[in-house]
J.: 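Please read through the structure below; I'll follow up with questions.
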Amino acid sequence: MIDRFATPGVRERFEKLAAETVAVRAEECARQDRLDRESWQELSDAGLWRLAVPTEWGGDGGTWWDLAAALEGIAAGGRDLGFCLSVVAQAGLVRSLLTYGTDAQKEYWLRRLLSGDVGATALTETTGGSDVTRIRTAARRAADGDYLLTGHKDHITNGPAADVALVLGRIPEAGDRDITLFMVDLHAEGVQRGEPENMMGNRTSPTGPIAFTDVRVEPHNIVGEVGAGIEAIYNTISLDRLLYGILAAAYLDPLLDQTLEYALTRNAFKVPIAEHQYVQGRITDAKFAVEATRWVSYGALDHLMRESGEASLMCSVAKYHAGETLKLGTETALRVLGHLGYMEGPYAQALKDALGTVIAGGTAEMQRKNVFNQMRRLAA
Ligand SMILES: Cc1cc2nc3c(=O)[nH]c(=O)nc-3n(C[C@H](O)[C@H](O)[C@H](O)COP(=O)(O)OP(=O)(O)OC[C@H]3O[C@@H](n4cnc5c(N)ncnc54)[C@H](O)[C@@H]3O)c2cc1C
């Protein structure tokens, strides 16, 4: 369906590639708590990150519809929600650089990301992820004019594996409006990455802490205006929010097909369980949610591309539905399969992975809050 908006064939190309790469290695990478760098590189080589980037920065000159189509393919073919979360995190970073980066930043950082480097966006600290104004990471000026960044980030997607990060920190000398975005090379002196966190799911999308101790950041690696970091990051990660919706629907399509197939072949009370209306109701409720999520996410992307005043609201609607639909869809599969679904294995794993999406990328409550605030703003 996305071929109506994106370049035809992109989704199929990445679905096939993800089936041959991500899907094959997912189990092993989950056991090892690691991002599948081999598949990441293969997808990068196939042009994943070039899709939405203008040709002047080494891209193919497509649109975010093309990246969304590729993500659909990766979700459907790769069958690994964790890998998709890592892709979404990098998509937001690419958009941040395209939107707020200087020509020099695009030239340097985008070219790295396009060729296979892994990126992270580091906002959350122990002070909390919902209210990022409480961050403590801060930069002071060295005698030579560079910034020295010190602080500690937690729960950062790709953190243990990433090469570069967009980091939200303060520049106290800037005064009250001091929250700023820094591009940081994670191989630089003073950066320390922790072990992958022990999450209940999404183990192929390792999250982890990143500590910065007097990490040198040249002023030209500040992204956007000093003090304008919060507005910039909220704007650019709105893309991440709707991408959750797009991947949710594409990931659940085959899972629902499998669930239906099981219901048609498993007998109870002398008929296939698919004949029982309560079972049908569960499957159709999941289908309603999947289609609503898919189409509201397409709508959100359309609003975002048109820079419409409703874009932020729609992206939060998409993100809210993404988490709830992933939860419902994976729970539906588990319930219809009965005890087989509850065994440790793909169905239980899918539910555990799905639960992470009601927190990652902004909790369901924060999406509600944004939707309400946006409604009030639009009404005024
Ligand atoms: C899989 C995964 C990947 C992640 N990746 C990243 C990443 O790449 N980069 C990054 O910076 N962070 C990342 N995070 C962290 C994530 O952004 C935070 O966990 C999230 O924003 C919530 O922050 P918190 O856990 O500190 O909870 P808190 O902010 O402490 O919130 C706790 C609870 O209170 C609720 N709450 C808080 N404020 C309000 C309010 N005003 N109204 C209503 N309810 C409220 C929240 O919804 C939540 O239910 C990731 C998390 C997960 C699970």
Side-chain angles (χ1 to χ4, degrees), residues 30 33-35 80-96 113 118-137 151-170 179 181-184 186 193-194 196-212 223 229-230 232-234 236-241 243-244 247-248 251 316 319-320 322-324 326-327 330 349-374 376:
D33 282 336
R34 70 175 176 91
L35 176 69
D80 178 8
L81 209 47
F83 192 86
C84 294
L85 297 195
S86 286
V87 170
V88 169
Q90 176 132 327
L93 172 54
V94 170
R95 182 158 186 260
S96 294
L113 293 170
V118 176
T121 298
L123 317 177
T124 306
E125 302 187 5
T126 45
T127 48
S130 304
D131 181 4
V132 289
T133 61
R134 299 182 66 227
I135 58 167
R136 295 195 186 120
T137 295
H152 184 103
K153 298 289 177 181
D154 278 319
H155 318 317
I156 307 306
T157 296
N158 296 341
D163 302 292
V164 304
L166 184 64
V167 180
L168 195 69
R170 298 182 178 281
I179 298 185
L181 288 167
F182 303 84
M183 265 319 279
V184 181
L186 294 181
R193 258 86 71 73
E197 290 161 343
N198 188 15
M199 296 192 294
M200 71 184 281
N202 296 306
R203 301 186 81 103
T204 54
S205 178
T207 65
I210 311 177
F212 305 92
V223 178
I230 295 261
I233 203 68
Y234 280 165
T236 51
I237 63 171
S238 50
L239 174 76
D240 299 30
R241 290 193 240 131
L243 289 179
Y244 274 92
L247 78 87
Y251 174 79
S316 279
K319 172 65 180 52
Y320 179 86
E324 299 305 313
L326 276 166
K327 218 158 43 91
T330 52
Q349 191 54 55
L351 178 56
K352 289 185 200 175
D353 292 348
L355 283 173
T357 65
V358 301
I359 298 168
T363 65
E365 292 78 8
M366 294 312 285
Q367 306 313 324
R368 283 180 190 266
K369 186 165 132 68
N370 188 43
V371 167
F372 189 80
N373 288 343
Q374 295 296 326
R376 196 151 51 183

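Counting from 1, the numbers follow the sequence of the chain as shown. Every value quoted in this text rests on a predicted model; they were computed, and no experiment measured them. Note that ligands are numbered from 1 as they come in the structure, with each ligand's atoms numbered from 1 the same way.
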J.: Are any of the N or O atoms of Thr124 closer than 3.5 Å to those of ligand 1?
T.: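 Between Thr124 and ligand 1, an N or O pair is found under 3.5 Å apart.
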J.: Would you please say whether a donor-acceptor pair under 3.5 Å links the side chains of Ser316 and Arg241?
T.: yes
J.: Looking at ligand 1, does any of its N/O atoms fall within less than 3.5 Å of an N/O of Thr207?
T.: no
J.: Please confirm whether Asp154 comes within less than 3.5 Å of ligand 1 when only nitrogen or oxygen atoms on both sides are compared.
T.: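 No, Asp154 has no N/O under 3.5 Å of an N/O on ligand 1.
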J.: Counting from 1, what ligand 1 atoms have a heavy atom of Ile156 closer than 4.0 Å?
T.: 7 (C), 8 (O), 9 (N), 10 (C), 11 (O)
J.: So for Asn202, does at least one of its heavy atoms come nearer than 4.0 angstrom to any atom of ligand 1?
T.: no
J.: What residue and atom, counting heavy atoms only, is the protein's closest point to atom 20 (C) of ligand 1, and at what distance?
T.: Ile359 O, 3.9 Å
J.: Heavy-atom distance under 4.5 Å between the side chains of Tyr320 and Arg368, does that happen here?
T.: yes
J.: Return the residue, atom name and 0.1 Å-rounded distance of the protein heavy atom closest to atom 32 (C) of ligand 1.
T.: Ser130 OG, 5.0 Å
J.: Is there a side-chain contact between Asp33 and Pro206 in this structure, where contact means two heavy atoms from C-beta onward sitting under 4.5 Å apart?
T.: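 No. Closest side-chain heavy atoms not under 4.5 Å.
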J.: If you measure every N or O of Lys369 against every N or O of ligand 1, does any of those distances drop under 3.5 Å?
T.: no
J.: Can you name the atoms of ligand 1, numbered from 1 with element, that are less than 4.0 Å from a heavy atom of Gly129?
T.: 21 (O), 23 (O), 24 (P), 26 (O), 29 (O)
J.: Quick one: does any side-chain atom of Arg95 pair with a main-chain N or O of Thr236 as donor and acceptor, under 3.5 Å?
T.: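 Such a contact is found between Arg95 side chain and Thr236 backbone.
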J.: If you measure from the Lys or Arg side-chain nitrogens to the Asp or Glu carboxylate oxygens, is any gap between Glu324 and Lys327 under 4.0 Å?
T.: yes
J.: Show which atoms of ligand 1 fall inside a sub-4.0 Å distance from at least one heavy-atom site of Met366.
T.: 38 (N), 39 (C), 40 (C)
J.: Pick one of side chain, backbone, both or neither for how Thr121 approaches ligand 1, counting any non-hydrogen atom pair under 4.0 Å.
T.: backbone
J.: Measuring only between side-chain heavy atoms, which start at C-beta, is Leu123 closer than 4.5 Å to Ile233?
T.: yes
J.: In terms of residue, atom name and distance, what is the protein heavy atom nearest to atom 5 (N) of ligand 1?
T.: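 Protein heavy atom at minimum distance: Thr157 OG1, 2.7 Å.
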J.: Would you say the side chains of Thr124 and Asp154 form a donor-acceptor pair under 3.5 Å?
T.: no
J.: What atoms of ligand 1 come closer than 4.0 angstrom to any heavy atom of Glu365?
T.: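 Once the distances to Glu365 are compared, the set is 43 (C), 44 (N), 47 (O), 49 (O).
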J.: Test your reading of the structure: does Gly356 have an N or O sitting under 3.5 Å from an N or O of ligand 1?
T.: no
J.: Within the structure, does at least one protein heavy atom fall under 4.0 Å of atom 25 (O) of ligand 1?
T.: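 No, no protein heavy atom sits under 4.0 Å from atom 25 (O) of ligand 1.
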J.: Between the side chain of Thr363 and the main-chain N/O of Ile359, is any donor-acceptor distance below 3.5 Å?
T.: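 No, Thr363 side chain to Ile359 backbone: no donor-acceptor pair under 3.5 Å.
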J.: Which protein non-hydrogen atom lies closest to atom 14 (N) of ligand 1, naming both residue and atom, and how far is it?
T.: His155 O, 3.2 Å
J.: Please check if a non-hydrogen protein atom sits closer than 4.0 Å to atom 52 (C) of ligand 1.
T.: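 Yes, at least one protein heavy atom sits under 4.0 Å from atom 52 (C) of ligand 1.
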J.: Between Arg193 (side chain) and Pro209 (backbone), is there a donor-acceptor pair under 3.5 Å?
T.: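 No, because the side chain of Arg193 does not come within donor-acceptor range (under 3.5 Å) of the backbone of Pro209.
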J.: So do the side chains of Asp80 and Tyr251 get within less than 4.5 Å of each other, counting heavy atoms only?
T.: no
J.: Any side-chain to backbone donor/acceptor pair from Gln90 onto Gly119? Under 3.5 Å, distance only.
T.: yes
J.: Can you list the atoms of ligand 1 that are under 4.0 Å from a heavy atom of Leu123?
T.: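 Numbered from 1, ligand 1 contributes 10 (C), 11 (O).
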J.: Among all protein heavy atoms, pick out the one at the shortest distance from atom 2 (C) of ligand 1; state its residue, atom name and that distance to 0.1 Å.
T.: Ala360 CB, 3.4 Å
J.: Can you confirm whether some protein heavy atom lies under 4.0 Å from atom 7 (C) of ligand 1, or whether none does?
T.: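 When distances to the protein are checked, atom 7 (C) of ligand 1 has a heavy atom within 4.0 Å.
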J.: Short question: side chain of Asp353, backbone of Asn202 - any donor-acceptor pair under 3.5 Å?
T.: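 Yes, Asp353 side chain to Asn202 backbone: donor-acceptor pair under 3.5 Å.
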J.: Can you establish whether the number of heavy atoms outside Tyr234 located under 6.0 Å from its atom OH is more than 12?
T.: yes
J.: Tell me the protein heavy atom at minimum distance from atom 48 (C) of ligand 1, and give that distance in Å.
T.: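 Going atom by atom, the protein heavy atom closest to atom 48 (C) of ligand 1 ends up being Thr363 CG2, 4.1 Å.
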J.: Can you sort out which atoms of ligand 1 are near Gly128, meaning under 4.0 Å from one of its heavy atoms?
T.: 26 (O)
J.: Do any non-hydrogen protein atoms sit less than 4.0 Å from atom 30 (O) of ligand 1?
T.: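 So far as the 4.0 Å threshold goes, atom 30 (O) of ligand 1 is out of reach of every protein heavy atom.
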J.: Which pairs, with at least one residue in residues 124-134 and sequence neighbours excluded, count as a salt bridge (charged side-chain N to carboxylate O under 4.0 Å, His left out)?
T.: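 Those involving residues 124-134 are Glu125-Lys153.
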J.: Quick check on atom 34 (O) of ligand 1 - does any protein heavy atom sit closer than 4.0 Å to it?
T.: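 Flag for atom 34 (O) of ligand 1 set to false, no protein heavy atom closer than 4.0 Å.
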